[in-house]
Asker: 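Quick one: the structure is below, questions incoming.
The chains referred to below are lettered A, B, ... by the order of the sequence lines, with proteins before strands, and numbering in each begins at 1. If you're wondering where the values come from, they're calculated on a predicted model, not measured in any experiment.
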Amino acid sequence: MCQFRGKLELEGLKKMNEQQIQQFNHDLLDWFHRKGRKLPWRKTDNPYYIWISEVMLQQTQVNTVIPYYDQFIKKFPTPEALADAPEQEVLKSWEGLGYYSRARNLQKGVREMVASYNGELPKNKSELMSLTGVGPYTASALMSMAYHEPEPAIDGNLMRVLSRVFLIDDDIAKQKTRKKFEKLASDLIVQTEPAYFNQALMDLGAMVCRRKLPTVRSAHSTAIVALMKKGCSWNIRSRAAKQSQERFIMRC
DNA sequence: CTCCTGTGTT
DNA sequence: AACACAGGAG
């Protein structure tokens, strides 16, 4: 059982005390272990494979990615195999996924990794970000998924879920807002197995706490509802300023 | 921070 | 046609 250590002093968080925050982590992980998705790239601890999956997932839904991922790692089982392959071969394996420049960037990044890091992914965020195609999101995802570092992977999913749970109203398109979520998520993740934390928020965002139709149906067993039952309100919205018609608050 | 890109939605 | 989105890059 985890213990809350951070100091959370965020707007929109007034209603949450430490015990509730701890409860959030517990419910989140509990939900994830029961309902979370078993995905091919979650079975491996090969950073190179995890990298491939993260790049593919940036632009495509999970179900579409699965066969591409399986095929891709079979065809390019090692960084060296991908680095040595002709670009055309790589693009052929990517055919149908779209955003082909990301396939090119992935190969370029892997070539840099082979040339500069002996074919191994560096273990810190700034070195990861020096690789072509690896930005803040992918670097954080790799730190948590591959190296079990408490680094929250801030993407739209994570911000949407946390904004609803913690009643954060800010426009998630703004960079200032991103900082805020970074702070909140960093404090939350320290009491969690980092990979599970990110994966759980990802699954929650994709399966329950979705962009559209944030339905509460079938939700008796979700972490969100557990929170609502404890007196927290759930502000359903995706972006701040606009779309105020979409905005309503439920209290249980 | 702003801009860029390909893609999907209205 | 216009805009939203989701990341990375500069």
Asker: Mind listing the N/O atom pairs, protein and nucleotides 7-10 of chain C, below 3.5 Å?
Answerer:
unit_1: C/dG8; atom_1: OP1; unit_2: A/Gly135; atom_2: N; d: 3.1
unit_1: C/dG8; atom_1: OP1; unit_2: A/Thr138; atom_2: N; d: 3.2
unit_1: C/dG8; atom_1: OP1; unit_2: A/Thr138; atom_2: OG1; d: 2.6
unit_1: C/dG8; atom_1: OP2; unit_2: A/Tyr137; atom_2: N; d: 3.2
unit_1: C/dA9; atom_1: OP1; unit_2: A/Gly133; atom_2: N; d: 2.6
unit_1: C/dA9; atom_1: OP2; unit_2: A/Val134; atom_2: O; d: 3.4

Asker: Can you establish whether the number of heavy atoms outside A/Tyr196 located under 6.0 Å from its atom OH is more than 12?
Answerer: no
Asker: Quick check: are there more than 12 heavy atoms from other residues, nucleotides or ligands sitting under 6.0 Å from NZ of A/Lys125?
Answerer: yes
Asker: Is it true that atom CD of A/Glu120 has more than 12 heavy atoms of other residues, nucleotides or ligands lying nearer than 6.0 Å?
Answerer: no
Asker: Taking NZ in A/Lys179 as the centre, count heavy atoms belonging to other residues, nucleotides or ligands within less than 6.0 Å. Is the count above 12?
Answerer: no
Asker: Starting from P on C/dC5, measure out to CE on A/Met159 and report it in whole angstrom.
Answerer: 11 Å
Asker: Are A/Tyr68 and A/Trp94, when compared by the centres of their aromatic rings, separated by less than 6.0 Å?
Answerer: no
Asker: Applying the salt bridge (charged side-chain N to carboxylate O under 4.0 Å, His left out) criterion to A/Asp203, which one of A/Arg42, A/Arg34, A/Lys35 satisfies it?
Answerer: A/Arg42
Asker: Output the rounded distance in Å from CE (A/Met202) to P (C/dA6).
Answerer: 13 Å
Asker: A/Gln61 has an atom CD; how far is it from atom P of B/dT9, in whole Å?
Answerer: 9 Å
Asker: Describe the nucleic acid contact of A/Lys179 in one word from base, sugar-phosphate, nothing, applying a heavy-atom distance below 4.0 Å.
Answerer: nothing
